[in-house]
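Chain letters run A, B, ... following the sequence lines, proteins first, then strands; residues in each count from 1. Treat the numbers as computed from the prediction; the structure is a model and nothing was measured. Side-chain atoms are counted along with the backbone in the values below, which use heavy atoms only and exclude waters and symmetry mates.
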Amino acid sequence: MDVIDQLNAVKTGKLSRRAFQKSLLGFGIGMMTTPFVASRAAAQSGQGTLFTWGGYDVPEFHTNYEAANGALPNFAVFGGAEDALTRMRSGFIVDVAHPCHTDMVRWSQTGLFQPIDTTRLSNWGDVMPELVALEGNQAEDGRPWMVPFDWGGTSVTYRTDLVEIEGEESWDILWDERYAGRIGMLASGGDAWWCAAIKAGVPFDQIASEMAFEKTSAALRQQRPLVRVYTDDTTTLGQALSSGEMVAAMTWNSTAVELQYEGIPVRFAQPKEGALTWVCGLMIHTEAPNLDRAYEIIDSMLSVEAGEYMIGAYGYGHSNAKSFEGFTDEELQALGLSANPRDILDAGHFSIPQEQEWESRMNETYELIKAGF
Amino acid sequence: MVSVPDARSFGRGKLAAWFQRSEAARGYALMSPALIVLLIGIAVPLIILIAMSLWTRDGFGFDMTPTIANYQRAATEPIFGTLLTRSFMISGLATFITVLLCYPMAYYVAFHVHRNKMLWIVLMTLPFWTSYLLRVFAWRVILGYEGVINSAFLSAGWIEAPLEFLLYSQTAVVITLAHAWAAFAILPLYVSLEKIDKSLLEAATDLGDGPFTRFMRITLPLSMPGVIAASFLIFIPTTGDYITPALLGGPDGVMIGNLIQLQFGPVNNWPMGAALSIVLMAWIAALALVFLFITRKAKDHLA
């Protein structure tokens, strides 16, 4: 039956129940089968799968890959690294995953990842060696577990017109009672716990001690009544900051850079206690179904094109030294970056990989605190 | 020529005869597709869940020695009880509001619409053809700080600053649940109202009942099956709802479903998550039984 006929039948009130149910059936079958058709098409194309943080699933990071394969990689997105690991441990197989250095040691211990053959990466020669030589990144034969990709800081993004700063910028903004109900926090313990430890004055090499645990959780508990929302969704935090719903939030570099482009008066604070600094990278799954594509994804993300986009649009550092050549020192400084990553990473507190037991306990405690206990 | 039936066809004939005679066997055969799905889809996962709830987390793996430690934690640590109570409060309130709002709609279609009833029902359920997630996001837009309600009130001059309690609160969760599950209330309510014999209403009017008494004595009791069905259909799934509190609840709107998700996600304690799921299931079953018992008592009382 023609669609127009049916619409006319509805208009004149003559649509029989049978005809109606027939079209409903057709509609239902159509709805049910659409995803199958789509997923079969995706499977046939044989693209590699990248399991990454929200925000990295944009074409600009994968221009070389797209040029070579005619399509983007498949994306799967996570909000927190611990969440991602649990999903892969329960059988989710990807080609490339995107953890941070703090997670890398625990991730490689699961046996879910294979060392990376750097000879297959054309951009490897330009990767900054200090980002590769991280603690625990040596697999056998000098191969790394993780190819560094991005690095940056976690700090406070605040509205310069709504927050009053006395003296130096500090983590105290997020603990300021005057802004109760207008503060945003990252939901993943991988950032929030370490930042709270900085605020509580815990040295990172003692973070596993009982005393550090108590001090850090006390700081987070004290902050809980002031927090409007805990989320890992940077869009939510960005929108809330731009509308004034929040005046300050714990974020990564990108939120501040994006808001500044929109002309919102925000600053990415450089707290006097030091920011949290991190390096994230790419790891290949042991059972990667498209190993060649996996290397192509990594190589494309290490390219200068991807790097320039990341520095300019997101304000994160890139691991390819050549990516910085297109930027002047002033531009980099305005973004809170430097062509020498050590300048930035050593100026802040660089998180240290911990045992799985600590990680689980930390996450559990942070979840309790978020729920109000 | 004497033919001796060979043993095989004899056996088959016997089986067919038994199958013909036994009503139970035929019944089970008819049900077998559904039974297999039930077995694989519900019974097996449930057994896995129960088994897992008796284990203990051990780094990346499980210690499989049976223990009831997880249940002891669920009973003693305050967070579990609080979140469970909160979930029941929120979803109970959402259920009550949904049924209350949907009853007049179903009533109108059942009693006052005479042509194209089907079309009316379809139109009422039209918003529910979009995905659940989209509806939840739509409520974020409506309730948000710069959302529809706040900007309307601000431009009308009714409020000075945006109302902050609209989003990231238990109110937001209740409002969203009440809307998102409305279709599940309208349909059973409509069916039970539609079935009511109109001559009973006329009889009540003839015997001197006003519209209100007539509603209380005839329409409401006769539509009770629909009300009960609607309440169950909404209360049971919303108690464990995960996405609505995650997106709209804020720190104080967290429900038990979120806690269970966390156990399987970042907290990485699957046995505890399994135990919490079982506890939730048991509580819902118990509450449903109590609810059924009360309505049955009330019915006996009325009759």
Side-chain angles (χ1 to χ4, degrees), chain A residues 10 13 15-17 20-21 24 27 31 78-87 89-90 106 109-112 181-182 185 187-190 224-233 236 239-240 242-246 355-357 359-373, chain B residues 57-61 73 77-83 86 115-119 121-123 125 129 131 137 140-141 144-147 150-151 161-169 172 245-256 258-259 261-270 272-273:
Chain A
V10 172
L15 181 64
S16 72
R17 197 171 283 210
F20 177 76
Q21 280 168 346
L24 264 189
F27 184 70
M31 288 291 284
F78 57 79
E82 200 61 18
D83 219 15
L85 181 62
T86 342
R87 269 158 78 182
R89 274 186 47 218
S90 55
R106 285 178 301 113
Q109 281 166 358
T110 60
L112 285 173
R182 308 181 72 188
M185 280 288 285
S188 83
R224 161 70 169 63
L226 311 177
V227 175
R228 174 125 174 101
V229 74
Y230 293 92
T231 178
D232 277 328
D233 180 20
T236 303
Q239 284 173 351
S242 82
S243 69
E245 181 180 5
M246 288 175 195
E355 295 295 317
Q356 181 63 37
E357 206 180 312
E359 198 74 19
S360 294
R361 183 178 168 204
M362 179 274 282
N363 274 305
E364 195 160 1
T365 315
Y366 187 41
E367 296 306 337
L368 277 174
I369 294 170
K370 283 194 276 181
F373 292 87
Chain B
R57 167 181 63 185
D58 183 16
F60 284 128
R73 272 190 67 193
E77 286 180 26
I79 180 170
F80 304 117
T82 314
L83 287 193
R86 185 190 293 163
R115 294 181 54 220
N116 297 327
K117 281 195 182 203
M118 190 69 182
L119 197 68
I121 288 291
V122 169
L123 282 179
T125 52
W129 290 21
S131 118
F137 265 107
R140 257 176 92 114
V141 175
Y145 188 79
E146 284 185 321
N150 272 330
S151 16
L163 301 170
E164 292 192 356
F165 67 88
L166 282 177
L167 192 59
Y168 303 132
S169 64
L247 287 173
L248 299 160
D252 288 320
V254 179
M255 285 165 67
I256 192 82
N258 305 85
L259 195 65
Q261 187 271 337
L262 288 172
Q263 303 296 328
F264 286 97
V267 174
N268 189 21
N269 192 348
W270 291 23
M272 191 67 218

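Note: A:M246 CE to B:Y145 OH = 11.0 Å, rounded to the nearest 0.5 Å. Expressed to the nearest 0.5 Å, how far CG of B:L259 lies from CG of A:L368 amounts to 8.0 Å.
The pair A:E364-B:R57 meets the salt-bridge criterion, with a side-chain N (NZ, NE, NH1 or NH2) lying under 4.0 Å from an Asp/Glu carboxylate O. The pair A:R224-B:D252 meets the salt-bridge criterion, since a charged nitrogen lies less than 4.0 angstrom from a carboxylate oxygen.
Proximity to chain A (any heavy atom under 4.5 Å) is shown, for B:P162, by neither the backbone nor the side chain. Heavy atoms of B:E164 lying under 4.5 Å from chain A belong to its backbone as well as its side chain. Contacts between A:S90 and chain B at a heavy-atom distance below 4.5 Å involve backbone atoms as well as side-chain atoms. Contacts between B:L262 and chain A at a heavy-atom distance below 4.5 Å involve the side chain alone, from C-beta outward. When heavy atoms are compared at a cutoff of 4.5 Å, A:R361 does not approach chain B at all. When heavy atoms are compared at a cutoff of 4.5 Å, B:L247 does not approach chain A at all. At a 4.5 Å heavy-atom cutoff, the contact between A:Q356 and chain B is made by side-chain atoms alone.
Closest of all the heavy-atom pairs between B:P251 and A:V229 is CD-CA, 4.1 Å.
Taking 4.5 Å as the limit, some side-chain heavy atom of B:Y168 sits within range of a side-chain heavy atom of A:E245.
Interface summary for chain A: among B:E77, B:E146, B:R140, the most heavy-atom pairs under 4.5 angstrom belong to B:E146. Counting heavy-atom pairs closer than 4.5 Å to chain B, the top residue among A:R228, A:K370, A:E82, A:E357 is A:R228. Considering only heavy-atom pairs separated by less than 4.5 Å from chain B, the leading option among A:A84, A:G190, A:A371, A:G244 is A:G244.
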For this session: Please step through side-chain contact (heavy atoms from CB on, under 4.5 Å) for the pair A:R89 and B:W270, ending with a clear verdict.
Result: CA-CA 12 Å; A:R89 274 186 47 218; B:W270 291 23; 5.8 Å; no
For this session: Take B:V267 and A:M362 through the test side-chain contact (heavy atoms from CB on, under 4.5 Å) and record every step on the way to the result.
Result: CA-CA 8 Å; B:V267 174; A:M362 179 274 282; over 6 Å; no
